[in-house]
J.: 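Pasting a structure here, questions to come.
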Amino acid sequence: MARKAAGRPPEETLSLWKREQALLKTLVVDRDTEAWQRDPAFSGLQRVGGVDVSFVKGDSVSACASLVVLSYPELEVMYEDCRMVSLTAPYVSGFLAFREVPFLVDAVQQLREKEPRLMPQVLFVDGNGVLHHRASSSSAPAGFGVACHLGVLTDLPCIGVAKKLLQVDGLENNALHKEKIRLLKAGGDSFPLMGGSGTVLGMALKSHDHSTKPLYVSVGHKMSLEAAVRLTHGCCKFRIPEPVRQADIRSRDYIRRTLGVQGAPALQPERSKKAQRPKACPQGVSEEPAVSCCVVNCSVKSTWQRTEPTCQSP
DNA sequence: GCGACAG
DNA sequence: ATCTTGTCGC
């Protein structure tokens with residue numbers, strides 16, 4: 001059952017991935033493109049989405065990809081899609097998108113076909129946007145993280161939200177940085193993250209009054225940094241923006257339910273869960289083995305996926 | 001050998 | 001990412 005971790009990809013693959021990032025980076029739009037983004041109260045914004053991928057514990061291949069859509073400003077779940085997937089690419093810092101994004105694009109595509117009226121107007125992504133490694137061969141001022149990648153491939157406005165600072169382009173989680181964090185007073189307070197080139201790559205945001213660790217917000221696609229930070233704050237009931245938090249909770253829950261049948265003994269006392277309310281959504285179950293393989297939506301198919309047919313479990 | 005390291 | 005229950009506090 002538990003499949004072993006994939007090793008580090010060969011340099012050739014990393015080269016292709018870098019080229020792909022450089023190519024798609026030219027398509028990123030880092031300003032507001034929708035009317036609601038410029039409205040002080042985000043009038044016109046009704047649906048915010050969140051995506052996440054959770055893993056089966058002793059297994060680096062089996063995971064659950066989830067997409068949720070919440071109403072705004074109520075932040076109540078109106079759509080949930082969880083699906084077990086088999087990840088083929090390993091996690092390599094700087095190339096997170098190549099591991100997770102194909103399945104997230106897939107989820108968005110499913111929604112587009114089956115419930116287009118529920119399509120979110122913006123997507124919160126677990127990870128960075130332009131706050132990312134800069135391709136050394138490119139003169140572009142910013143990088144291309146998973147939030148940009150998903151934004152370009154889906155053409156949806158995206159916001160990158162990372163829980164830790166990615167130390168790139170001169171950014172360091174050093175004493176000075178920690179002091180700036182300490183000076184953030186109330187929820188909504190933030191300070192810019194300036195890269196070595198003088199470009200603001202993102203913002204450290206205190207997401208609510210009693211949060212110690214900030215969020216690292218950066219532009220993914222089709223939105224300004226200012227609007228991204230403001231909306232992120234507006235979607236935080238807790239430290240993590242509700243769309244991403246719900247996607248995380250539900251994908252982990254889905255894994256527990258899926259594995260609970262044969263994995264855990266019959267002993268399963270009721271735990272005091274409070275955040276489990278609405279659940280009237282398609283979960284893509286009933287008929288399929290709930291496992292999709294080798295879905296690639298990139299213009300460049302990775303060498304990794306072609307040379308490592310991991311689509312079959314013994 | 002040491003430090004870095006989104007998820 | 002994942003390993004983990006109860007407990008202290010508002």
Side-chain angles (χ1 to χ4, degrees), chain A residues 1-9 14 17 21 50-66 84-104 123-134 142-151 158-174 177 187 193 195 201-205 208-220 232 237-241 244-245 247-256 259 263-264 267-274:
Chain A
M1 298 265 185
R3 280 165 286 188
K4 45 189 180 229
R8 188 183 177 82
L14 294 181
W17 284 358
Q21 290 179 327
V51 293
D52 190 45
V53 176
S54 293
F55 300 80
V56 172
K57 70 173 182 181
D59 190 326
S60 59
V61 173
S62 302
C64 175
S66 69
M84 290 305 295
V85 298
S86 296
L87 303 187
T88 56
Y91 169 69
V92 181
S93 179
F95 302 95
L96 172 64
F98 293 90
R99 177 163 167 79
E100 303 187 345
V101 111
F103 307 98
L104 301 179
L123 222 41
F124 283 88
V125 183
D126 215 328
N128 295 294
V130 300
L131 171 47
H132 194 261
H133 300 272
R134 295 174 54 192
F144 188 76
V146 64
C148 300
H149 209 131
L150 184 59
C158 283
I159 299 174
V161 180
K163 296 181 285 295
K164 302 175 195 170
L165 175 65
L166 182 59
Q167 304 186 136
V168 296
D169 200 19
L171 294 173
E172 279 186 292
N173 182 22
N174 52 24
H177 181 78
L193 301 166
L201 299 178
M203 298 277 251
L205 168 72
H208 70 81
D209 291 347
H210 299 291
S211 185
T212 303
K213 299 181 62 175
L215 290 179
Y216 296 95
V217 180
S218 59
V219 170
T232 299
K237 291 163 74 170
F238 303 99
R239 178 181 176 239
I240 306 300
V244 169
R245 181 169 167 271
D248 178 66
I249 290 174
R250 287 155 192 267
S251 58
R252 299 164 78 134
D253 236 37
Y254 187 86
I255 287 178
R256 283 192 55 174
L259 270 54
L267 270 177
Q268 204 61 264
E270 284 299 330
R271 314 179 89 8
S272 54
K273 299 234 174 197
K274 2 185 111 177

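Below, read A as the first sequence line, B as the second, and so on, with proteins coming before strands; counting in each chain starts at 1.
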J.: Without swapping roles, check the side chain of A:Gln21 against the backbone of A:Phe95 for a donor-acceptor pair under 3.5 Å.
T.: no
J.: Phosphate oxygens OP1/OP2 of B:dC5: is one of them under 4.0 Å from a side-chain N or O of A:Tyr91?
T.: no
J.: What is the distance from CG of A:Leu165 to C1' of B:dA4, rounded to the nearest Å?
T.: 12 Å
J.: Given 3.5 Å as the limit, does a donor-acceptor pair link the side chain of A:His132 with the main chain of A:Gly94, or not?
T.: yes
J.: Rounded to the nearest Å, what distance is computed from the CZ atom of residue A:Phe55 to the P atom of nucleotide B:dG7?
T.: 11 Å
J.: Measuring from the side chain of A:Val146 (C-beta onward, heavy atoms only), which nucleotide among B:dG7, B:dA6, B:dC5 has the closest atom?
T.: B:dA6
J.: Provide, to the nearest angstrom, the distance between the CG atom belonging to A:Leu171 and the P atom belonging to B:dA4.
T.: 15 Å
J.: Tell me the interatomic distance from A:Asp248, atom CG, to B:dA6, atom P, rounded to whole angstroms.
T.: 16 Å
J.: Please check: side-chain N/O of A:Arg239 versus main-chain N/O of A:Lys213, any donor-acceptor pairing under 3.5 Å?
T.: yes
J.: What's A:Gly94 touching, base or sugar-phosphate or nothing? Going by heavy atoms closer than 4.0 Å.
T.: base
J.: Once you apply a heavy-atom cut-off of 4.0 Å, does A:His210 come out as touching a base, just sugar-phosphate, or nothing?
T.: nothing
J.: Starting at CG of A:Asp169 and ending at C1' of B:dA4, how long is that distance when rounded to a whole Å?
T.: 16 Å
J.: At under 4.0 Å, does any side-chain N or O of A:Arg252 touch on OP1 or OP2 of C:dT2?
T.: yes
J.: If you check every side-chain atom of A:Lys163, which of C:dA1, B:dA6, B:dA4 has the closest atom?
T.: C:dA1
J.: Can you tell me, in whole Å, how much space there is between the C1' of B:dC5 and that of C:dT2?
T.: 16 Å
J.: Taking the minimum atom-to-atom distance to the side chain of A:Lys57, which one of B:dA6, C:dT2, B:dG7 wins?
T.: C:dT2
J.: Figure out the CZ/P separation between A:Phe95 and B:dG7, and round it to whole Å.
T.: 17 Å
J.: A:Tyr216 stacking on B:dA6: centroids under 5.5 Å, ring planes under 30°?
T.: no
J.: Rounded to whole angstroms, how far apart are CD1 on A:Ile240 and P on B:dG7?
T.: 9 Å
J.: For the backbone of A:His177 and the side chain of A:Glu172, can you confirm whether one donor and one acceptor N or O come within less than 3.5 Å of each other?
T.: no
J.: Tell me the interatomic distance from A:Asp126, atom CG, to C:dA1, atom P, rounded to whole angstroms.
T.: 6 Å
J.: Classify the ring geometry between A:Phe144 and A:His149 as parallel (under 30°), tilted (30 to 60°) or perpendicular (over 60°).
T.: tilted
